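Take a look at the structure set out below.
Values below: all heavy atoms of this structure, side chains included; hydrogens, waters and symmetry mates excluded. Convention: sequence-line order gives letters A, B, ...; per-chain numbering from 1. Remember, it's a predicted structure, so these values are computed and weren't measured experimentally.
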2 protein chains.
Amino acid sequence: MNPLYKNLSTELENINIRPSIQRVAVLNYLINNFFHPTVDQIYKDLQSVIPTLSKTTIYNTLDLFVEAGLVKILTIEDNETRYDIITEPHGHFKCNECRTIFNFTLDLDSMESEELNGFKVIDKDVYFKGVCPKCLLNINSDFRKE
Amino acid sequence: MNPLYKNLSTELENINIRPSIQRVAVLNYLINNFFHPTVDQIYKDLQSVIPTLSKTTIYNTLDLFVEAGLVKILTIEDNETRYDIITEPHGHFKCNECRTIFNFTLDLDSMESEELNGFKVIDKDVYFKGVCPKCLLNINSDFRKE
DNA sequence: CTTCAATTTAACAATCATTACAAATACAAA
DNA sequence: TTTGTATTTGTAATGATTGTTAAATTGAAG
């Protein structure tokens with residue numbers, strides 16, 4: 001077995017998730033693809049690795065990972081659920097043009113409000129939207145052409 | 001015509017939206033219901049006012065309002081789109097128990113990151129999740145019963 | 001290596017929110 | 001009133017997600 005996969009296997013075993021081929025593949029995919037993929041992207045890309053793969057399995061696996069606190073659901077856009085391997089807290093920026101989601105570091109701990117005294121805050125999400133540098137260039141050059 | 005509705009009509013006319021009965025009703029609903037309703041909630045509540053109302057109209061109207069910058073889509077949860085009348089910038093807290101969404105004031109302008117130099121930031125959203133004071137009480141009393 | 005029970009996967013059907021579309025209606029200008 | 005345009009409605013289509021169930025796989029025990 002690929003030594004990288006071996007590590008992922010033990011990582012899953014440590015949190016009491018049986019390391020099936022599918023689960024290890026999804027975990028490996030998430031670790032190596034920082035672009036916050038949708039279920040469909042994961043499904044399509046992993047089909048070349050596991051031809052019999054079912055979409056339901058992706059959903060089941062991701063649910064399991066979310067439950068275990070390994071993965072976080074991003075709801076930055078209303079029509080597509082995206083998944084994020086949990087590392088340090090960070091903010092997300094989504095480009096309205098190319099739809100890429102970028103991470104950026106942000107001190108979430110310092111974000112507080114007196115109005116939330118008495119509330120138990122479990123989770124904090126910061127979503128920015130706009131246009132990334134690459135697409136800004138394209139938009140400007142399109143404009144020049146007109 | 002109700003003088004309140006009259007005001008809403010002119011407000012819509014000012015931004016070049018023809019003030020149909022349905023549109024004014026939706027706007028009125030959003031202004032008087034701060035709980036960030038789903039399409040379904042708006043639809044069900046307004047049926048008593050406009051019996052022939054269609055859900056498509058709610059969608060069309062909200063799309064129009066979003067386009068006009070009157071309303072903002074909240075994507076705090078992945079399976080339900082919620083709508084927010086735009087006032088001053090604020091954060092949102094969603095209670096995982098009762099699913100209510102609370103506003104809280106937050107200085108979004110000061111939230112910046114050097115990593116986003118070169119990015120054009122158009123929109124900022126801050127979503128907190130957890131348990132609201134009321135539900136915290138219920139959870140504690142449930143615990144005592146066991 | 002076999003057997004058995006439990007877990008996991010895969011395929012398909014069902015659901016639900018949203019969108020697309022066409023016909024009916026309302027509205028404004030002439 | 002008539003005509004043309006915008007709006008609403010009802011229904012059908014779409015697409016992501018969930019539910020169900022049987023088959024496949026796994027792991028443990030003998």
* Go through Lys124(A) and Asp109(A) one step at a time and tell me if the salt bridge (Lys or Arg N to Asp or Glu O under 4.0 Å) criterion holds. => CA-CA 9 Å; Lys124(A) 295 177 177 180; Asp109(A) 289 334; 5.2 Å; no
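Look at Ser20(A) and you'll find a side-chain N or O under 4.0 angstrom from OP1 or OP2 of dT9(C). An OP1 or OP2 oxygen of dT18(C) is reached within less than 4.0 angstrom by a side-chain nitrogen or oxygen of Thr81(B). For the OP1/OP2 pair of dA10(C) and a distance below 4.0 Å, the side-chain nitrogens and oxygens of Gln22(A) include at least one atom meeting the criterion. At dT18(D), none of the side-chain N or O atoms of Tyr59(A) fall inside 4.0 Å of OP1 or OP2 (strictly under the cut-off). Contact between the side-chain N/O atoms of Thr57(A) and the OP1/OP2 oxygens of dA10(C) is found at a separation under 4.0 Å.
For Gln47(A), the CD atom is densely surrounded, since the number of other residues' heavy atoms within 6.0 Å is greater than 12.
When the C1' atom of dA11(C) is taken as reference, atom OH of Tyr43(A) falls 10 Å away, rounded to whole Å. Straight-line distance from the CD1 atom of Ile17(B) to the P atom of dC27(C): 17 Å, rounded to whole Å. The CD1 atom of Ile21(A) sits 9 Å away from the P atom of dT25(D) (whole-angstrom rounding). Following rounding to the nearest Å, Asp63(A) (CG) and dT8(C) (P) show an atom-to-atom distance of 14 Å. Rounding to whole angstrom units, CZ of residue Arg23(B) and C1' of dT8(D) are separated by 9 Å. Rounded to an integer number of Å, the gap from CD of Glu13(B) to P of dA28(C) is 9 Å. Regarding Gln41(B), its CD atom lies at a distance of 12 Å from the P atom of dT18(C), rounded to whole Å. Atom CD1 in Ile58(B) sits about 18 Å away from atom P in dA20(C), given to the nearest Å.
Proximity note for Ile50(A) (side chain, C-beta onward) versus dT18(D), dA10(C), dG10(D): the nearest is dA10(C). Side-chain proximity of Asn60(A) to dT9(C), dG10(D), dT18(D): nearest is dT9(C).
Nearest-nucleotide mapping onto DNA chain D: of Arg18(B) and Leu53(B), the residue sitting toward the 5' end is Arg18(B). In this structure, Thr56(B) and Lys55(A) both approach DNA chain D, and ranking their closest nucleotides by distance from the 5' end singles out Thr56(B).
Using cut-offs of 30° and 60° on the angle between ring planes, the pair His90(A) and His36(A) is tilted. Ring planes of Phe128(A) and Phe104(A): tilted class, angle from 30 to 60°.
Aromatic ring centres of Phe102(B) and Phe119(A): separated by under 6.0 Å.
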